[in-house]
**Q** 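Have a look at this one.
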Amino acid sequence: MLPETASSLGDRPVVRAAHRDMGDETSALHDELRQMVMRVFMIEREQFTFDEQTAVQVMRHQLLVDPNSRLSAIFEGRLLTESEPAYDQLDSLFATVDHVPVFRQDGEKQVIYAVSGRSEPKPRPVWLNWVLFLATIFSVLWVGTESAINEIAATNLEYARSLLDTFVLELWRGIPYAVAILLILGAHELGHYFAARRHGLAVTLPYFIPAPPFLLPTPFGTFGAFIQLRQAMRSRKVLFDVGAAGPFMGLVFAIPIVLIGLATSPVKQVEPGIAFIEGNSLLYALAKTIVFQRFLPANGEDVFLNQIAWAGWAGLLVTALNLIPIGQLDGGHILYALIGKRARLFYYPLMGVVLLLSLRSETWILWFVLLLLFGRMYAAPLDDITPLDPRRRIWGIVGLVVFAVTFVPEPLSAVTIPELGDRQTVMVPIMFGLLALWTTRRVWATRRMAFMRRFRLR
């Protein structure tokens, strides 16, 4: 039985999609949803029943977190008031019937999806977080100790060899590196965590990923850390706050650690042969210039990083990798918060750049594969109509600039010493700086446009 057609404000007709007979309880729910929506929305078309394939496509496309959610209705038309207060009001009303609204833009029309099953995840046990954290402490202590013994070997080779015989007992020597790298990674993830909690999101504590050097070939002792958001983000403002808080907080610790590490690292003549050098970003090159009053490497000399400097350099690298403006990375969140679905247009150009870099440096091969598999997925907020406020827009552009100045085109490379003094290691970061300036110009050029997301039923 079809429910009676309700008139929208201004007595405009509502176009109904054809649907099957339904029970009184379902009909009453649909009528209640309609009445709630009409408080903030002029309905021009509504739909209450869907074939299974369409419903699945809608839910998958909207990237809602709760797998138990179901699509109940679609309303097309236009909002009667500003989108942000309209969403807050409708969300409060929908909560009484265990629904959540999803705001989208489809061309000139605005669309509200009514989705049943509000996400209320239960707290997870934290024992796994602590186990992984302790394992990561051990693995970064191992890397730090190796670095400390290498420093000793430069002046006393026999003593360094004796320390290798009791390596496990010497793990205390890696404390500077372990503290520095965990400060940077911890600040990064806790930035995400506290930003999410501030907005009332259910989120896990950080999961640190250990990478023991004796088992996995990594020079850092860790593959980083992550937190898991267990609810969909409410708006682009929330998406931006959660995405940007991590790299900004990590950078607060990484920059002074780099400067302290460089100031305590020796500058020495590099002996002829093959050397492994860390790549330069614009920020790292500037830090070396500030500390040493000249750019290194030059004239066969280079800075030999101690474990604190190594942790700082790794922290800058982690910041840059997370700020790549693709998919579920922090940079992807920032770019999507700034320009909405237009962020997807940057996927193929940026993947092309990563592919070219992977041909030059093996370090990028893994990242290319990961981005190829997961980079197309973007976190769309529930309210994708409300744009960022001017203050967040400015900070978003700052985030893109931070990506440009921290990006390292060749994280680690082997070079022959005669080439070391002439190696132009900052040219690619400069190119990324120009790309960031172009992106910033494009963002500002579109700031007066409606930052909206279009959804098409297929």
Side-chain angles (χ1 to χ4, degrees), residues 8-9 29-30 32-48 58-59 61-66 69-120 195-203 229-243 333-334 336-343 378-393 396 447 449-455:
S8 58
L9 293 180
L29 172 63
H30 291 170
E32 190 171 6
L33 291 173
R34 180 188 305 113
Q35 297 302 321
M36 292 177 179
V37 170
M38 287 175 60
R39 297 191 184 189
V40 300
F41 196 71
M42 179 178 290
I43 303 175
E44 298 176 356
R45 184 179 183 274
E46 62 185 28
Q47 182 177 356
F48 291 109
V58 169
M59 296 301 294
H61 190 80
Q62 304 303 342
L63 300 179
L64 297 177
V65 173
D66 191 345
S69 297
R70 294 292 183 270
L71 182 63
S72 295
I74 299 178
F75 301 93
E76 297 179 1
R78 63 182 179 86
L79 290 165
L80 301 173
T81 183
E82 294 293 329
S83 56
E84 189 169 22
Y87 186 89
D88 292 339
Q89 180 180 351
L90 190 57
D91 186 53
S92 298
L93 294 172
F94 271 25
T96 62
V97 290
D98 192 31
H99 276 65
V100 61
V102 180
F103 282 14
R104 295 291 184 262
Q105 188 83 16
D106 187 1
E108 297 299 322
K109 296 180 298 183
Q110 293 170 325
V111 185
I112 295 178
Y113 298 90
V115 179
S116 68
R118 295 178 71 88
S119 177
E120 297 179 358
R197 295 300 301 156
R198 177 175 175 270
H199 288 288
L201 291 172
V203 62
L229 285 170
R230 305 185 63 203
Q231 290 177 301
M233 284 174 274
R234 188 182 187 89
S235 66
R236 290 194 196 176
K237 294 179 179 180
V238 178
L239 176 64
F240 175 81
D241 290 351
V242 175
H333 293 336
I334 292 173
Y336 192 98
L338 279 170
I339 62 176
K341 69 175 185 178
R342 297 178 184 87
Y378 287 79
L382 296 174
D383 173 13
D384 201 15
I385 294 179
T386 305
L388 287 186
D389 55 276
R391 180 178 62 86
R392 286 184 173 88
R393 196 176 297 129
R447 65 176 181 172
M449 299 177 63
F451 297 114
M452 301 172 182
R453 175 181 177 83
R454 177 180 302 170
F455 174 74

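Atoms considered below: every heavy atom in the structure, side chains included; atoms not considered: hydrogens, waters and symmetry mates.
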**Q** Please evaluate residues F240 and D389 with respect to the criterion side-chain contact (heavy atoms from CB on, under 4.5 Å), reporting the C-alpha separation (whole Å), side-chain torsions for both, the decisive distance (0.1 Å), and the verdict.
**A** CA-CA 11 Å; F240 175 81; D389 55 276; over 6 Å; no
**Q** Hey, could you give me the CG/CD distance between L93 and E32, rounded to the nearest 0.5 Å?
**A** 9.5 Å
**Q** Could you report the tightest heavy-atom contact between V100 and R118, atom names first, then the distance?
**A** CA-NH1, 3.9 Å
**Q** Check P101 against I112 and note the closest heavy-atom contact, atom names and distance.
**A** CB-CG2, 4.5 Å
**Q** Could you go through K237 and L388, starting from their C-alpha distance and side-chain angles, then the distance that decides it, and tell me whether this counts as side-chain contact (heavy atoms from CB on, under 4.5 Å)?
**A** CA-CA 6 Å; K237 294 179 179 180; L388 287 186; 4.2 Å; yes
**Q** Under 3.5 Å, side chain of S116 to main-chain N/O of R70, donor-acceptor pair present?
**A** yes
**Q** Find the distance between NZ (K109) and CZ (R104) and round it off to the nearest 0.5 Å.
**A** 15.5 Å
**Q** Taking all non-hydrogen atoms of both residues, which atom of F94 and which atom of A114 are closest, and how far apart?
**A** CE2-CB, 3.6 Å
**Q** Over all heavy atoms of both residues, which pair between P381 and L239 is shortest? Give the atoms and the distance, please.
**A** CD-CD2, 4.2 Å
**Q** Test side-chain contact (heavy atoms from CB on, under 4.5 Å) on F103 and L79; report intermediate values, then the result.
**A** CA-CA 10 Å; F103 282 14; L79 290 165; 4.0 Å; yes
**Q** Would you please test R392 and D241 for side-chain contact (heavy atoms from CB on, under 4.5 Å) and show each step?
**A** CA-CA 8 Å; R392 286 184 173 88; D241 290 351; 2.9 Å; yes
**Q** Are any non-hydrogen side-chain atoms of L382 and Y87 less than 4.5 angstrom apart?
**A** yes
**Q** Is any side-chain heavy atom of R236 closer than 4.5 Å to a side-chain heavy atom of T386?
**A** no
**Q** What residue among V97, V102, T96 forms side chain to side chain contact (heavy atoms under 4.5 Å, CB included) with H99?
**A** V97
**Q** Step by step, would you call D383 with R234 a salt bridge (charged side-chain N to carboxylate O under 4.0 Å, His left out)?
**A** CA-CA 6 Å; D383 173 13; R234 188 182 187 89; over 6 Å; no
**Q** How many angstroms lie between CD1 in I43 and CD in Q35, if you round to the nearest 0.5 Å?
**A** 8.0 Å
**Q** Taking atom CZ of F41 and atom OG1 of T81, what is their separation to the nearest 0.5 Å?
**A** 13.0 Å
**Q** For residues Q105 and Q110, report the shortest heavy-atom separation together with the two atoms involved.
**A** OE1-CG, 3.0 Å
**Q** Which pair of heavy atoms, one from A379 and one from M233, lies closest together, and at what distance?
**A** CB-CE, 4.1 Å
**Q** Find out whether F75 and M38 are in side-chain contact, i.e. whether some heavy atom of one side chain is under 4.5 Å from a heavy atom of the other.
**A** no
**Q** Does any non-hydrogen side-chain atom of V37 lie less than 4.5 Å from one of E46?
**A** no
**Q** Distance check, rounded to the nearest 0.5 Å: R78 atom CZ versus M42 atom CE?
**A** 4.5 Å
